[in-house]
Protein chains: 2
Amino acid sequence: MRGRLDADADVVDGIDPPSVRVSLSADRIVGAAVGFVDEFGLTSLTMRRLGERLGVEAMALYRYVSGREALLDLLVGTLIDEMRGDSDVLEQPEDGWQDFLQRLAHGVRRVALAHPRAFPLVASRPAEAPWLRPPLRSLEWVETFLHGLRSEGFDDESCVAAYRAFTSFLLGHLLLEVSAHGADVGPLDVLEETTEPTPSRLEEYPTVMRLRGRLSEDHSDVEFEDSLEELLERVDLMRHETTTWS
Amino acid sequence: MRGRLDADADVVDGIDPPSVRVSLSADRIVGAAVGFVDEFGLTSLTMRRLGERLGVEAMALYRYVSGREALLDLLVGTLIDEMRGDSDVLEQPEDGWQDFLQRLAHGVRRVALAHPRAFPLVASRPAEAPWLRPPLRSLEWVETFLHGLRSEGFDDESCVAAYRAFTSFLLGHLLLEVSAHGADVGPLDVLEETTEPTPSRLEEYPTVMRLRGRLSEDHSDVEFEDSLEELLERVDLMRHETTTWS
DNA sequence: ACCTGAACACCGTTCAAGT
DNA sequence: ACCTGAACACCGTTCAAGT
């Protein structure tokens with residue numbers, strides 16, 4: 001017994017250390033960044049504050065990520081890859097393309113709802129190439145999508161058309177859904193409940209006023225489901241079969 | 001003749017003065033901000049640089065706008081109001097609701113394409129109320145929309161459903177369209193054309209590789225037109241007539 | 001009434017220096 | 001090898017002071 005490890009010393013008196021002292025790595029940094037954004041919002045994410053959260057000076061982060069912008073890109077990549085671990089999302093169709101796209105859509109939606117404050121990044125960051133459309137903007141997922149539909153008999157043109165329709169549907173729906181959950185925000189997130197939540201000059205807009213209650217109802221779940229169904233029907237119509245030689 | 005005006009003196013030697021010396025106002029500031037974002041992108045918009053552009057110190061701006069965040073909100077408002085001046089957009093239906101929505105959709109699209117670098121703001125800024133959905137997120141336009149459909153015989157529920165479908169369609173389409181035009185971007189906008197525009201590890205993704213050409217084709221115009229048609233058909237289906245007593 | 005100078009707190013980022 | 005201190009340029013914002 002050679003006595004207690006010296007390394008313990010600085011944990012012992014550090015009440016609630018920012019994080020257990022694990023050596024830094026790009027993954028750990030990005031993970032912390034995701035957590036930080038989930039908790040405090042995008043505008044609060046600062047190299048210095050992120051360093052603090054990791055028990056390190058901001059400058060130490062530059063060993064692993066080349067800067068703040070690069071960090072945000074890594075963050076987006078992480079979110080999209082999170083779906084790979086989702087067992088409901090398939091790598092390739094097993095019960096037809098409709099089931100395949102259903103699972104994919106719900107997978108993306110789960111990610112969006114799990115990270116409502118980070119999701120707008122997925123939408124607004126410039127992609128590697130303009131044809132990598134958010135929110136399915138990694139080469140991996142686009143390959144999965146296109147190859148999946150091809151293997152189900154879609155021809156090239158239909159695959160691409162379906163990809164476009166699918167992404168634009170997802171982006172519109174999910175962005176609106178997370179923004180209703182109070183997504184991006186400005187500097188201070190503490191929304192001042194003191195000011196009336198409804199704009200004051202409302203009486204000038206009789207129709208809005210009358211339908212306000214109905215407008216506020218949240219049916220995101222069924223709406224997503226229904227619109228997705230409709231999308232799949234549209235995709236079905238834009239579909240040209242192809243004979244697969246194999 | 002009391003000699004030349006003293007005020008001219010600092011214009012005379014100032015080669016290419018940042019702007020003709022007009023007294024400041026909120027409108028002028030917001031207008032300059034829009035121009036600045038159009039030209040240099042969102043991340044380049046800085047109180048100090050905006051002041052410089054207006055021939056004034058940054059601190060002077062605070063007399064007219066309460067801060068940067070407020071400025072961005074005003075900017076969003078301006079963009080949306082830009083459509084009021086669009087003679088193709090109607091205040092109320094004249095040739096049926098389909099024509100009405102067609103004009104509205106194209107009006108929003110023109111704004112988005114005229115300000116591709118500012119449009120993501122319209123999408124991601126938190127609205128006054130969660131039911132003010134981007135991109136139709138001013139009380140004025142929501143009133144116009146809902147009242148317009150009501151006057152065409154839609155009942156309350158259909159109006160709201162149509163509003164939801166319409167906004168989510170527009171948001172998805174237009175955000176993807178402007179992001180393909182290289183919208184948001186990080187710090188430096190000078191996109192480095194030196195690095196190959198195509199991600200390097202492309203050969204690992206055979207389907208993407210093969211369809212790359214097709215994926216890059218830009219058919220935004222016809223795509224918008226077609227999807228809009230489909231949307232209108234969907235709206236037609238979700239429509240319950242109501243008897244208007246008047 | 002309207003703008004400016006100086007100041008403050010906070011950024012991102014670099015780099016020589018510490019261990 | 002990995003992190004820190006000090007420094008730099010640049011933010012947003014406040015406020016007393018100038019005109």
Side-chain angles (χ1 to χ4, degrees), chain A residues 5-7 9-11 14 17-30 32-33 36-37 40-75 121 125 184-190, chain B residues 5-11 14 17-30 32-33 36-37 40-75 121 125 185-190:
Chain A
L5 294 167
D6 282 359
D10 60 352
V11 168
S19 198
V20 186
R21 175 66 90 179
V22 185
S23 70
L24 243 36
S25 76
D27 279 355
R28 222 167 77 79
I29 291 172
V30 176
F36 197 98
V37 172
F40 304 109
L42 224 39
T43 53
S44 301
L45 179 67
T46 256
M47 297 302 276
R48 294 173 126 110
R49 291 209 269 249
L50 185 58
E52 192 180 9
R53 177 151 168 144
L54 287 163
V56 104
E57 298 297 317
M59 310 83 188
L61 305 177
Y62 287 84
R63 291 249 149 217
Y64 304 92
V65 300
S66 65
R68 183 173 193 266
E69 293 299 320
L71 176 60
L72 293 181
D73 286 335
L74 290 173
L75 199 154
L121 261 192
R125 286 249 114 197
D184 195 0
V185 290
L188 286 195
D189 277 351
V190 279
Chain B
L5 293 167
D6 282 0
D8 280 347
D10 60 350
V11 169
S19 199
V20 185
R21 175 66 89 180
V22 185
S23 71
L24 243 36
S25 74
D27 278 354
R28 224 167 78 79
I29 292 172
V30 176
F36 197 97
V37 172
F40 304 109
L42 224 37
T43 52
S44 301
L45 179 66
T46 255
M47 296 301 276
R48 293 173 127 109
R49 292 208 268 248
L50 185 57
E52 191 180 8
R53 177 152 168 140
L54 287 162
V56 105
E57 298 298 316
M59 310 81 186
L61 305 177
Y62 288 83
R63 291 248 150 217
Y64 304 91
V65 301
S66 66
R68 184 173 193 266
E69 294 299 320
L71 176 61
L72 294 181
D73 286 335
L74 290 173
L75 198 154
L121 260 192
R125 286 250 113 194
V185 291
L188 286 195
D189 278 353
V190 278

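Below, chain A is the first sequence line, B the second, and so on; all start at residue 1.
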A correct dot-bracket answer for DNA chain D, with pairs being Watson-Crick or G-U at under 3.5 Å, [ ] for crossing pairs and | for inter-strand pairs, is ||.|||||...|||||.||

Mind calculating the distance between CG (B:L61) and P (D:dC15) to the nearest angstrom? 17 Å

side-chain contact (heavy atoms from CB on, under 4.5 Å) against B:S66, all qualifying residues, sequence neighbours excluded: B:A70

From CZ of A:R63 over to P of C:dT14, roughly how many Å is that when rounded to an integer? 12 Å

Closest to the A:Y64 side chain: D:dC2, C:dT14, C:dC2? D:dC2

What does the list of N/O pairs under 3.5 Å between the protein and nucleotides 9-11 of chain C look like, with a distance for each?
| from | atom 1 | to | atom 2 | distance (Å) |
| --- | --- | --- | --- | --- |
| C:dC11 | OP1 | A:R49 | NH1 | 2.8 |
| C:dC11 | O5' | A:T46 | OG1 | 3.3 |

All heavy atoms of B:R68 vs all of B:L42, minimum pair found to be NH2-O, 3.7 Å

Side chains of A:R125 and A:L72: closer than 4.5 Å at any heavy-atom pair? yes

Counting distance only, does the side-chain N/O of A:R49 pair as donor-acceptor with the main-chain N or O of A:S44 below 3.5 Å? yes

Separation of C:dC2 P from B:L54 CG (nearest whole Å): 16 Å

Residue pair B:L54 / B:A32: nearest heavy atoms and the distance that separates them: CD2-CB, 3.8 Å

Which atom names give the shortest non-hydrogen contact between B:L24 and B:Y64, and what distance separates them? CB-CE1, 3.4 Å

Contacts of B:R48 that satisfy side-chain contact (heavy atoms from CB on, under 4.5 Å) - sequence neighbours left out: B:T46, B:A58

Between atom CD in A:E57 and atom P in C:dG12, what is the gap in whole Å? 13 Å

Of C:dC2, D:dG12, D:dT4, the nucleotide closest to the side chain of A:V56 is D:dT4

Set of residues satisfying side-chain contact (heavy atoms from CB on, under 4.5 Å) with respect to A:L74, sequence neighbours excluded: A:V30, A:V65

Of the listed D:dC3, D:dC15, C:dC3, the closest approach to the B:M59 side chain comes from D:dC15

